Amino acid sequence: MLIVDDDALVRRGLSMMLAGADDLEVVADVGDGSEVVAAVNQHRPDVVLMDIRMPRMDGLAATELLRSRREPPEIIILTTFDTDDHILRAMRAGAGGFLLKHTPPPEIMRAIRQVAAGEPMMSPAVLRRMMSYVAGAGVDPRQARARERLDGLSEGERAVALLVGQGKTNSDIGKELSLSVATVKAYVSRLLTKLELNNRVQIALLVHDARGDDPSDD
């Protein structure tokens, strides 16, 4: 795991906290987004804990840069800022999690494990803000584009995508659609390839964009 934060005390505190977990290892820490690519190239972390506000390159730009790579690490935004713009930009860039810095240490550890396993994780307050944003969004060009992309899916792919959009796990989706977890994983992988997305969070955002305030997809 790589920690990216311009506050040396925060980096030290996170490193000390995570040192108590047998299955988590901090391989390096850096103080600015501009140092992230070199650190990832050198240490190959599975997960990056990323702050937003940094002096030369902010965490959102660094997230976009990392997630554009061929084999990107998973990224969790860990910050004190939770504005709609920050949340949505991070999720659209491909971040697998968005946590506030006051999140209890056990929850941060759980989020790291969950995101490393390919499951998104957001603080409850962040999730509520995102859902409120989606609920209040009207029909716009983004919604039309999202619906067009979903219309290109098969019936099975669309069913899985809609359940991902509801925050369902692979196990939950399998039970609801009478599919094995392996089959659900194959569907999710196919969706990521077909829709040219990085992770499940982006599938969920696409579904939410397509829904807008139209209840017909509920």
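This is a predicted model, so every value here is computed, not measured. Numbering of residues begins at 1 and proceeds along the displayed sequence.
Of the possible donor and acceptor atoms, none in the side chain of R200 sits under 3.5 Å from a partner among the backbone N and O of E119. N199 places a side-chain N or O within donor-acceptor distance of the main-chain N or O of Q202, the cut-off being under 3.5 Å. No donor-acceptor pair under 3.5 Å is formed between the side chain of S189 and the backbone N or O of K185. Side-chain atoms of D32 do not come within 3.5 Å of backbone N or O of E35 as any donor-acceptor pair. Although no hydrogens or angles enter the test, the distance criterion places a donor-acceptor pair under 3.5 Å between the side chain of E157 and the main chain of S154. Of the possible donor and acceptor atoms, none in the side chain of R145 sits under 3.5 Å from a partner among the backbone N and O of A210.
The side-chain contact (heavy atoms from CB on, under 4.5 Å) test with D51 singles out one residue from T80, T79, V4, and that residue is T79.
Separating the CZ atom in R11 from the CG atom in L49 is a distance of 13.0 Å, to the nearest 0.5 Å. For the atom pair I203 CD1 and K194 NZ, the distance stands at 12.5 Å (nearest 0.5 Å).
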Practice task
Starting from the C-alpha separation in whole Å, work towards a yes-or-no answer on side-chain contact (heavy atoms from CB on, under 4.5 Å) for E74 and R67.
Solution key: CA-CA 8 Å; E74 297 293 342; R67 292 301 298 180; 3.9 Å; yes
Handout entry: Steps toward side-chain contact (heavy atoms from CB on, under 4.5 Å) verdict (L78, L14)
Key = CA-CA 11 Å; L78 185 63; L14 287 170; 3.8 Å; yes
Exercise for the section: Take L163 and D172 through the test side-chain contact (heavy atoms from CB on, under 4.5 Å) and record every step on the way to the result. Expected result: CA-CA 9 Å; L163 291 173; D172 293 335; over 6 Å; no
Practice task
Using the salt bridge (Lys or Arg N to Asp or Glu O under 4.0 Å) rule, take D5 and K101 through it: C-alpha gap first, then chi angles, then the decisive distance, then the call.
Solution key: CA-CA 11 Å; D5 197 296; K101 284 186 176 177; 2.7 Å; yes
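Closest non-hydrogen pair, L2 versus V36, comes out as CD2-O, 4.4 Å.
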